[in-house]
Amino acid sequence: MEPFTRLKGLVAPLNRTNVNTDEITPARFLKTISRTGFAQALFANWRYLGDDKTPNPDFVLNQPRYQGATILLAGDNFGCGSSREHAPWAIREYGFRCVIAPSFADIFYNNCFNNGILPVTLPEPTVLELFKEVEATEGYELEVDLEAQTVTTPDGRVFQFPIDPFRKQAMLQGLDNIGWTLSHLDEIQAYEERRRQEAPWVFSIR
Amino acid sequence: MPKSMFEKIWEAHVVRDVPGESTILYIDRHLVHEATSPQAFAGLKAAGRKVRRPDATIAVLDHNVPTLQVRGRRVLELVDQASALCITTMEQNAREFGITLFDMNDERQGIVHIIGPEQGLTLPGMTIVCGDSHTSTHGAVGALAFGIGTSEIEHVLATQCLLQKKPRSMNIRIEGSLGPGITAKDIALYMIGRLGTGVGTGHVVEFSGSAVRSLSMEGRMTLCNMAIEAGARAGMVAPDETTFAYLKGRPFAPKGALFEQAVEAWKQLPSDPGAHFDTVHEINIDGLAPQVTWGTNPGMVVDVTGCVPDPADEPDPQKRLAYERALQYMGLEPGQKITDIRIDTVFIGSCTNSRLEDLRLAAQIVKGRHVAPGVRALVVPGSMQVRRMAEEEGLADIFREAGFEWRAAGCSMCIAMNGDRLSEGERCASTSNRNFEGRQGKGGRTHLVSPPMAAAAAIAGHFVDIRDF
């Protein structure tokens with residue numbers, strides 16, 4: 001897993017609620033066996049005019065002032081719907097390393113951690129305030145510090161965000177989750193033996 | 001101390017729970033399909049890892065499969081090259097890792113969330129995962145079932161476990177009784193409209209109450225299927241005699257004495273009286289009208305007797321903006337009567353509503369009538385077994401004679417990956433689960449309804465209240 005420690009970067013605002021993963025990466029871009037090549041798929045139905053190529057000048061990410069943004073500011077319940085990990089793949093490949101929103105859908109939230117994207121939850125009034133500031137100030141940057149669990153504004157205001165302590169450590173170190181679980185293989189085997197006795201029908205699949 | 005069903009299942013699957021660490025949770029069943037798994041198998045191979053429990057892993061082709069057939073068989077030429085590659089890659093991975101695959105010409109093939117319960121792969125008390133958000137469906141048998149991402153698929157393939165933070169618990173009590181023609185789909189849509197698309201975030205939801213108890217297994221699956229549209233990772237219904245009767249004799253379910261032993265254990269699963277839930281909601285569905293979505297998320301829903309809402313009446317500015325955008329996308333005007341909305345297409349299918357009961361309800365409406373001129377109407381059974389049974393019962397003939405296309409099983413127009421899709425501006429009455437922008441095809445406009453409501457819309461060419469149809 002790609003580690004995340006600290007990031008200072010340009011913020012792009014997507015002021016919509018309930019942005020779902022079908023909107024983040026439409027299903028036609030899922031027809032692949034590859035884990036890469038999704039940068040162009042990001043928000044494709046909003047980003048392009050008709051042909052998946054010609055940029056839609058009205059879409060916020062196409063505005064010159066947001067080019068090179070690494071932090072996406074989003075509305076409530078971001079990433080809802082389909083479990084497709086293609087959504088965080090597209091977000092990461094486009095260049096975002098952090099998404100800030102009042103809330104995230106569960107599966108998307110989990111998927112972010114597995115792809116080096118830090119999902120930051122801040123209270124809705126704070127996020128709405130940040131939307132106003134981003135839109136009012138060209139070149140608006142935020143500083144995100146995972147170790148300290150803080151988001152700092154250009155004028156020095158500091159917002160604390162919650163995060164699960166294990167996930168935080170995993171992200172700071174870029175932990176191999178699968179390797180970590182496999183380091184507890186003896187416990188998995190012991191569980192299986194015990195469970196096979198208690199609930200044999202679970203194991204009698206064929 | 002009294003425990004909820006969720007707590008009982010969770011505790012029975014904890015492999016390791018140490019403060020400061022994520023819990024290692026054991027997974028009993030891993031269902032796999034071709035759309036989200038290729039990268040997981042590739043990761044496994046790159047790391048030189050094996051599938052830990054091929055016997056507990058079942059694969060099926062559903063998202064990309066054609067729903068048309070050539071001389072009774074499905075062939076790759078019916079889909080584009082990209083879909084074909086997803087299909088052949090799944091076949092190759094299943095062979096290489098020794099996983100049972102229901103391929104597109106297997107008589108057990110169908111949508112992963114239809115075939116799990118149908119084959120008895122999905123049992124009470126289990127932990128079940130799949131790289132698909134509608135895995136919540138399987139909770140209908142009293143299991144803890146939830147969708148995961150591709151990295152997590154790889155994790156389960158390699159370890160048969162997941163790293164989890166324990167979710168909170170929610171009880172949604174649904175009281176009252178359904179009128180004629182009103183279904184679990186109407187309950188689900190009404191619930192999401194009332195409680196919101198994010199109400200279940202961070203929670204596992206148990207559906208309880210008199211209305212849930214009287215639902216068939218099919219109805220419970222529809223309700224749990226839509227739990228994800230309320231933001232819940234998982235939905236569940238306590239197992240009871242309805243559940244046991246449904247599971248008995250299913251191909252992969254335990255047999256004989258082992259089944260009896262399992263039933264005794266399953267009877268201990270329901271939440272104890274007085275069990276704690278972090279959040280509780282109550283809904284009454286007496287007098288519930290058929291529900292129709294008008295917007296671009298399942299919470300944007302009204303009674304069929306109602307009208308498209310006016311964003312100007314919405315006090316919350318964020319919501320007002322969302323309503324305005326939705327009306328623009330959907331091509332609707334505030335105040336327009338729902339029954340005045342004309343449709344181009346009808347899709348009866350998806351993991352929400354493509355079981356035999358759904359097709360029976362739709363066929364009852366269709367029988368002796370004909371699809372309205374200019375309307376394209378599809379029935380895509382959830383599995384080849386459902387299709388076969390519907391043919392034996394004469395349902396297929398009813399649909400065909402009425403002018404519906406009768407297809408082979410798959411996800412089809414719910415996700416529009418296999419070529420079955422809406423074109424720009426095309427308006428669809430759909431029994432699926434998501435009315436998101438572009439979900440059924442770029443620019444397509446989706447209205448979510450129950451199977452009888454979709455059937456009636458096909459006949460009339462616009463939405464109608466099935467209570468006076």
Side-chain angles (χ1 to χ4, degrees), chain A residues 1 15-18 20-23 26-28 30-35 45-46 75-77 80-86 88 103-108 110-111 114-115 128 164-167 170 177-182 184-185 187-188 190-192 195 198-206, chain B residues 15-16 20-22 24 26 28 35-36 38-39 42 47 49 55-56 64 80 82-83 85-86 89 123 125-126 131-133 147-152 154-155 158-161 163 165 197-198 201-202 231 233 252 254 258-259 261-262 265 297 318 322 325 415-417 434 436-439 442:
Chain A
M1 186 208 290
N15 195 356
R16 301 180 188 196
T17 55
N18 291 304
N20 61 65
T21 52
D22 273 273
E23 289 163 343
R28 62 185 177 279
L30 272 52
K31 294 173 24 155
T32 169
I33 60 169
S34 168
R35 213 183 171 110
N45 288 350
W46 294 338
D76 202 27
N77 200 24
C80 59
S82 159
S83 63
R84 61 189 68 166
E85 198 163 314
H86 313 69
S103 71
F104 294 90
D106 293 330
I107 305 175
F108 176 83
N110 291 346
N111 286 343
N114 288 323
N115 291 286
L128 293 178
D164 174 70
F166 184 75
R167 280 188 165 144
N177 277 342
I178 297 176
W180 187 85
T181 300
L182 285 174
H184 298 288
L185 198 57
E187 289 164 86
I188 297 172
Y191 171 87
E192 283 173 339
R195 184 75 177 154
E198 285 169 8
W201 60 88
V202 175
F203 291 82
S204 72
I205 184 165
R206 282 174 200 165
Chain B
V15 170
R16 178 185 168 89
E21 291 180 7
S22 289
I24 300 183
Y26 197 78
D28 293 324
T36 57
Q39 300 85 351
R49 288 166 176 151
D55 64 316
N64 286 275
D80 63 23
S83 283
L85 180 61
C86 294
T89 303
L123 298 174
M126 280 185 167
D132 194 289
S133 61
I148 56 177
T150 297
S151 298
E152 292 175 309
E154 187 179 336
H155 201 125
T159 69
Q160 203 55 33
C161 294
L163 294 179
K165 184 174 170 343
T197 50
T201 304
R233 194 98 194 267
F252 288 88
L258 194 58
F259 185 77
Q261 190 192 347
N297 73 50
Q318 291 283 106
R325 284 188 50 85
I415 190 160
M417 288 176 76
R434 289 185 173 140
F436 296 161
E437 283 185 32
R439 169 76 180 189
K442 192 177 177 185

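The sequence lines fix the lettering, A, B, ..., with proteins before strands; numbering per chain opens at 1. Note: hydrogens, waters and symmetry copies are ignored here, and every other heavy atom, side chains too, is used.
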Per-residue contact mode, B:C161 against chain A (heavy atom under 4.5 angstrom): side chain
Heavy-atom proximity to chain A below 4.5 Å, by part of B:R434: side chain
Contact class of A:N110 relative to chain B, heavy atoms under 4.5 angstrom: side chain
Within the side chain of B:T159, is there an N or O that forms a donor-acceptor pair under 3.5 Å with the backbone of A:L182? no
Considering all heavy atoms of both residues, which atom of B:S22 and which atom of A:F166 are nearest to each other, and what is their separation? OG-CD2, 3.0 Å
What part of A:S34 gets closer than 4.5 Å to chain B, counting heavy atoms only: side chain, backbone, both or neither? backbone
If I take atom CD1 from residue B:I148 and atom OG1 from residue B:T36, how far apart are they, to the nearest 0.5 angstrom? 8.0 Å
Pick from A:V202, A:T32, A:N20: which one has the most heavy-atom pairs with chain B under 4.5 Å? A:N20
Bottom line for B:A42: the part with an atom under 4.5 Å from chain A's heavy atoms is neither
Toward chain B, the part of A:F108 with a non-hydrogen atom under 4.5 Å: neither
Closest non-hydrogen atom pair between A:E192 and A:F203, with its separation: O-CZ, 4.0 Å
Looking only at atom types and distance, does a side-chain atom of A:T21 sit under 3.5 Å from a main-chain N or O of A:S83, one as donor and one as acceptor? no
In Å, rounded to the nearest 0.5 Å, how long is the span from CG of A:N115 to CD of A:E85? 4.5 Å
With chain A, the option among B:R325, B:Q160, B:M126, B:Q261 that has the most non-hydrogen atom pairs under 4.5 Å is B:R325
Among B:A322, B:G438, B:A262, the residue with the most heavy-atom pairs under 4.5 Å to chain A is B:A262
Name the member of A:N77, A:D76, A:T181 that forms the most heavy-atom pairs with chain B at distances under 4.5 Å. A:T181
Interatomic distance, CD@B:E154 vs CZ@B:R49, rounded to 0.5 Å, equals 7.0 Å
Which of A:N114, A:I107, A:N111, A:D164 touches chain B most, by non-hydrogen pairs under 4.5 Å: A:I107
Given that the side chain runs from C-beta out, which part of B:I415 has a heavy atom under 4.5 Å from chain A: side chain, backbone, both or neither? both
Looking at A:R195 and B:G125, what are the two nearest heavy atoms and their distance? NH2-O, 4.0 Å
Between CG on residue B:D80 and SG on residue B:C86, distance to nearest 0.5 Å: 9.0 Å
Residue, of A:P165, A:A27, A:G81, that accumulates the most heavy atom pairs under 4.5 Å with chain B: A:G81
Heavy-atom pairs under 4.5 Å with chain A are the metric here; pick the option from B:D28, B:L163, B:T89 that has the most. B:L163
Interface check, chain B: of A:S82, A:A105, A:A190, most non-hydrogen pairs under 4.5 Å belong to A:S82
Examine whether an atom of A:E23 lies under 4.5 Å from a heavy atom of chain B, and if so say whether it belongs to the side chain, the backbone or both; otherwise answer neither. side chain
Which bit of B:I24 is near chain A, if near means a heavy-atom gap under 4.5 Å: side chain, backbone, both or neither? side chain
Would you say A:R28 and A:N45 make side-chain contact, with heavy atoms under 4.5 Å? yes
Could you tell me the separation between the CZ atom of B:F252 and the CG atom of B:L123, rounded to the nearest 0.5 Å? 11.0 Å
What part of A:R35 gets within 4.5 angstrom of chain B, counting heavy atoms only: side chain, backbone, both, or neither? both
